[in-house]
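Some notes on the structure that comes next.
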Amino acid sequence: MNTYGELTWQGLWKNNPGLVQLLGLCPLLAVTSTLTNALGMSLATILVMVGSNATVSLIRQFIPKEIRIPIFVMIIAGYVTCVQLLFNAYAFGLYQSLGIFLPLIVTNCIIIGRAEAYASKNALIPSIYDGFIMAIGFSVVLVLLGAIREVLGQGTLFDGADLLLGPWASSLRIELFAIDQSFLFIMLPPGAFVALGFILALKNSLNNKVEAMVVPPVEKKEIERARVSKVS
């Protein structure tokens with residue numbers, strides 16, 4: 001498996017930041033009440049992670065080792081501010097819906113962790129790809145959790161899509177079944193914990209099967225033992 005194949009395998013399955021490392025749980029549980037919110041947070045995370053990994057990789061030789069973490073945080077904060085301004089200008093409804101969790105991306109352990117563990121030690125293109133694929137892996141969990149909670153909570157999908165994509169996207173709303181009152185438990189963080197637990201259980205049950213399909217089996221070498229007898 002080449003470098004990019006290994007990064008893809010690690011980011012999407014083997015070392016998925018949302019399912020294996022269990023990082024970034026704050027936005028994962030807080031903003032996934034609807035699929036639209038999950039997509040918005042996914043887009044913000046991808047932009048920040050790719051940008052910060054690229055910047056850290058470019059200037060890694062000029063960053064003093066002793067103060068590297070504060071510099072990483074400043075770089076990430078710069079990109080988060082840009083994303084905040086973009087959401088404020090072009091998706092104000094979603095900006096209000098995500099609330100405090102949009103600026104809190106600065107403290108997301110996934111982004112700081114990849115800047116420290118990978119981007120600060122590798123070239124530009126692999127670092128960009130690492131940031132992208134790790135963000136995609138996290139986004140898959142966000143979107144899956146958002147879809148489950150929205151369906152169980154209010155029986156719809158893509159409710160409020162116009163907040164992210166504009167007025168035309170209101171037609172994307174799908175009503176799967178009509179309910180009089182939303183299922184409040186699943187819309188709150190405790191319900192998100194339960195739903196995430198089921199996703200983790202499903203991932204763990206599939207783990208061995210998927211690894212057996214992707215990772216080639218290692219041939220066991222038979223050890224030949226030589227019997228040495230004492231010659232008198």
Show your working on side-chain contact (heavy atoms from CB on, under 4.5 Å) between Leu163 and Tyr95 and close with a plain yes or no. CA-CA 9 Å; Leu163 298 178; Tyr95 172 79; over 6 Å; no
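- In the hydrophobic clustering of this structure, Val106 does not group with Met74; members are Ile, Leu, Val, Met, Phe, Trp, Tyr whose side-chain heavy atoms approach within less than 4.5 Å, directly or through other members.
- Ser42 places none of its side-chain heavy atoms less than 4.5 Å from the side chain of Phe138.
- By the rule that hydrophobic residues join a cluster once side-chain heavy atoms approach within less than 4.5 Å of another member, Val31 and Leu184 end up as members of separate clusters.
- Within the 4.5 Å cutoff, the side chain of Ile71 has heavy atoms near those of the Pro64 side chain.
- Within a 6.0 Å radius of NZ in Lys14, no more than 12 heavy atoms belonging to other residues, nucleotides or ligands are found.
- Between Phe72 atom CZ and Thr55 atom OG1 the span is 11.0 Å, to the nearest 0.5 Å.
- Side-chain atoms of Thr3 and Tyr129 form no donor-acceptor pair, as typed in the model, at a separation below 3.5 Å.
- Using a distance-only test at 3.5 Å, with no hydrogens or angles considered, a donor-acceptor pair links the side chain of Glu150 to the main chain of Phe158.
- With Ser57 contributing its side chain and Ala123 its backbone, the two residues share a donor-acceptor pair below 3.5 Å.
- Within a 6.0 Å sphere centred on CZ of Phe185, other residues, nucleotides and ligands contribute more than 12 heavy atoms.
- Counting only heavy atoms from C-beta outward, the side chains of Tyr79 and Leu47 never approach each other to under 4.5 Å.
- Phe193 CZ to Leu28 CG: the interatomic distance, rounded to the nearest 0.5 Å, is 9.5 Å.
- The structure places OG of Ser139 at 12.0 Å from CG of Leu144, a figure rounded to the nearest 0.5 Å.
- Looking at heavy atoms from C-beta onward, Ile110 lies in side-chain contact with Met49 at the 4.5 angstrom threshold.
- Rounding to the nearest 0.5 Å places CG of Leu23 at 10.0 Å from CE of Met134.
- For the atom pair Leu29 CG and Arg149 CZ, the distance stands at 7.5 Å (nearest 0.5 Å).
- Side-chain atoms of Asn204 come within 3.5 Å of backbone atoms of Leu200 as a donor-acceptor pair (strictly under, hydrogens ignored).
- Judged purely by atom type and a 3.5 angstrom limit, Ser120 has no side-chain atom pairing as donor or acceptor with the backbone of Arg60.
- By the 4.5 Å heavy-atom criterion applied to side chains, Trp13 and Leu206 are counted as neighbours.
- The closest side-chain heavy-atom distance from Ile105 to Val83 is not below 4.5 Å.
- One N or O on the side chain of Asn53 and one on the backbone of Ser127 form a donor-acceptor pair closer than 3.5 Å.
- Across all non-hydrogen atoms, the minimal contact from Leu124 to Ala54 is CD1-O, 3.6 Å.
- Annotation: side chain of Ile59 is in contact with side chain of Ile75 (closest heavy-atom distance under 4.5 Å).
- To the nearest 0.5 Å, atoms CD1 (Ile174) and OG1 (Thr156) are separated by 9.5 Å.
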Before giving the answer on side-chain contact (heavy atoms from CB on, under 4.5 Å), spell out for Ile199 and Ile148 the whole-Å C-alpha distance, their side-chain angles and the decisive distance to 0.1 Å. CA-CA 10 Å; Ile199 295 174; Ile148 292 172; 3.9 Å; yes
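- When atom types are taken as modelled, the side chain of Arg68 and the backbone of Lys65 share a donor-acceptor pair closer than 3.5 angstrom.
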Evaluation steps, side-chain contact (heavy atoms from CB on, under 4.5 Å), between Leu172 and Leu165: CA-CA 10 Å; Leu172 296 177; Leu165 302 173; 4.0 Å; yes
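- With contacts defined as side-chain heavy-atom distances shorter than 4.5 Å, the pair Val143/Leu39 qualifies.
- With no hydrogens or angles considered, a side-chain donor-acceptor pair links Asn37 and Ser97 at under 3.5 Å.
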